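Here's the structure, in structure tokens; my notes come after.
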Amino acid sequence: AIDIAKLRDLSGYVTYDPGYKNTGATKSAITFLDGEEGILRHCGYSIEELADKASFLEVAYLLLNGELPTQSQLDAFEADVKKYTVTNEVLLKIEQVIPTSTHPMSELSALVGLMEGQYNPAETKENILRLIAALPIFAAWNYKKSIGEALVAPDQSLDYCSNFLKMMFAKPGEDYKVDPIVSKALNKLLILHADHEQNCSTSTVRLIGSSHASLFSSISGGIQALFGPLHGGANQAVIEMLEEIKQAGGDTSKFVAMAKDKTSGFRLMGFGHRVYKNFDPRARIIKVAADDVLTALGVKDPVLTIAQELEAAALSDEYFVARKLYPNVDFYSGIIYRALGIPTDMFTILFAIGRLPGWISQHQEMMTNKEPIGRPRQIYVGSPARAFVDMAKR
Ligand code: ACO
């Protein structure tokens, strides 16, 4: 029989799995994902039902507590978040001197990291609420600064999505009415991004947290991981790509051909997924929502037609079929964000606001389970041992 204990002692025996394609890094009770069948569930509830029936804070409560809230639990949770929906004057001063050339995601990560010095890390419950309340406020600060407009204070009488939209789009002192179509669409988008098991940014949050760095540091790092164009940053990259196709005359076949050419360095952004190999259930919901929202708002965006044509062209191409490359969550989300008035460089911020409850719940689970520090091994392929060469002899 194999003596596992002995095998563990033999240094040099490690699993080589670049990109952790087949490595289960943890046991988790939060999110179930079946990539072959296109199934996504949070604590047992399907993403389709949650996106259709729940509010974003209801899903946040579910992720954080493992159960859907009763009405009174939800009321209390919403009231708790509102309590912390206030302006942090110290961080606002810092935000105002961050140059506008800084990408909104870098600024968001910096502000979240700086929350570290503002609050006692031992106040776990309060810090969770502070983070959920703070991200939309930080996003609105960034937007107002970018357009040179005065800030609109948080409005605690409004629900989470409506307050964010008011801080973003109201002029100071204006009697602003939030369009319910916009607020409903935003609610759905945030839910669709709320958690996605051990993706790159969530794994980053867990890895940073495993060193017992604070929740703020962990989330700040998660935001940076999400920023990359192969992950959450793809939503910005998709719109930029669709715009480029439009500028080039709208011929999608040229771009499909370029994506197939490995020497081009170009990929179809918003296509492909590490785990989903038949369809991304979130992309299906978002595709329908994009059509509905644009129709309801009376927005005609030629880029939507280009996206639909690009999808059809790719899905009938042998290259994409053979590699099981389908539109992912980021393919149509940007079209909705744009219709809601969100600027392109803030799309990934919206993803971060949505993903925050997932990050926090995964961090919480890791801490509760007392998981060990994350520390992968490697296969060393460098030089064998050699004697130091004196400077004069090199
Ligand atoms: N366009 C063209 N070819 C692609 C694409 C694409 N978007 N995605 C993957 N491929 C090809 C690869 O070149 C590779 O081809 P090969 O087998 O001939 O070498 C094959 O499909 C497998 O791709 P990998 O890169 O090995 O797959 P991986 O699981 O490592 O990557 C990823 C997944 C990063 C999502 C990739 O599909 C990609 O870069 N997509 C575009 C960026 C994107 O949309 N990211 C958002 C993902 S969803 C999210 O994070 C929220």
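Every value quoted in this text rests on a predicted model; they were computed, and no experiment measured them. When a ligand or atom number is given, it counts from 1 through the structure's own listing order.
The ring-ring contact (aromatic ring centres under 6.0 Å, His included) check on Tyr326 picks up nothing, with sequence neighbours excluded. Annotation: ring-ring contact (aromatic ring centres under 6.0 Å, His included) contacts of Tyr61 (sequence neighbours excluded): Phe77.
Annotation: cation-pi pair Arg323/Tyr319 present, NZ/CZ under 6.0 Å from the ring centroid and within 45° of its normal.
Within 4.0 Å of ligand 1, the residues that place a heavy atom are Lys21, Pro229, Leu230, His231, Ala234, Ala259, Lys262, Arg267, Leu268, Met269, Gly270, Phe271, Gly272, His273, Arg274, Tyr319, Arg323, Leu325, Asn328, Val329, Asp330, Phe351, listed by chain and number.
Listed here is the closest heavy atom pair of Met346 and Pro104: CG-CG, 4.1 Å.
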Side-chain donor-acceptor contacts of residues 169-178 below 3.5 Å, not counting sequence neighbours, with atom names and distances?
{"unit_1": "Lys171", "atom_1": "NZ", "unit_2": "Glu149", "atom_2": "OE2", "d": "3.1"}
{"unit_1": "Glu174", "atom_1": "OE1", "unit_2": "Lys171", "atom_2": "N", "d": "2.7"}
{"unit_1": "Asp175", "atom_1": "OD1", "unit_2": "Lys177", "atom_2": "NZ", "d": "3.2"}

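Among the candidates Arg206, Gln362, Gln198, the single residue satisfying the side chain to side chain donor-acceptor pair (under 3.5 Å) test with Thr26 is Arg206.
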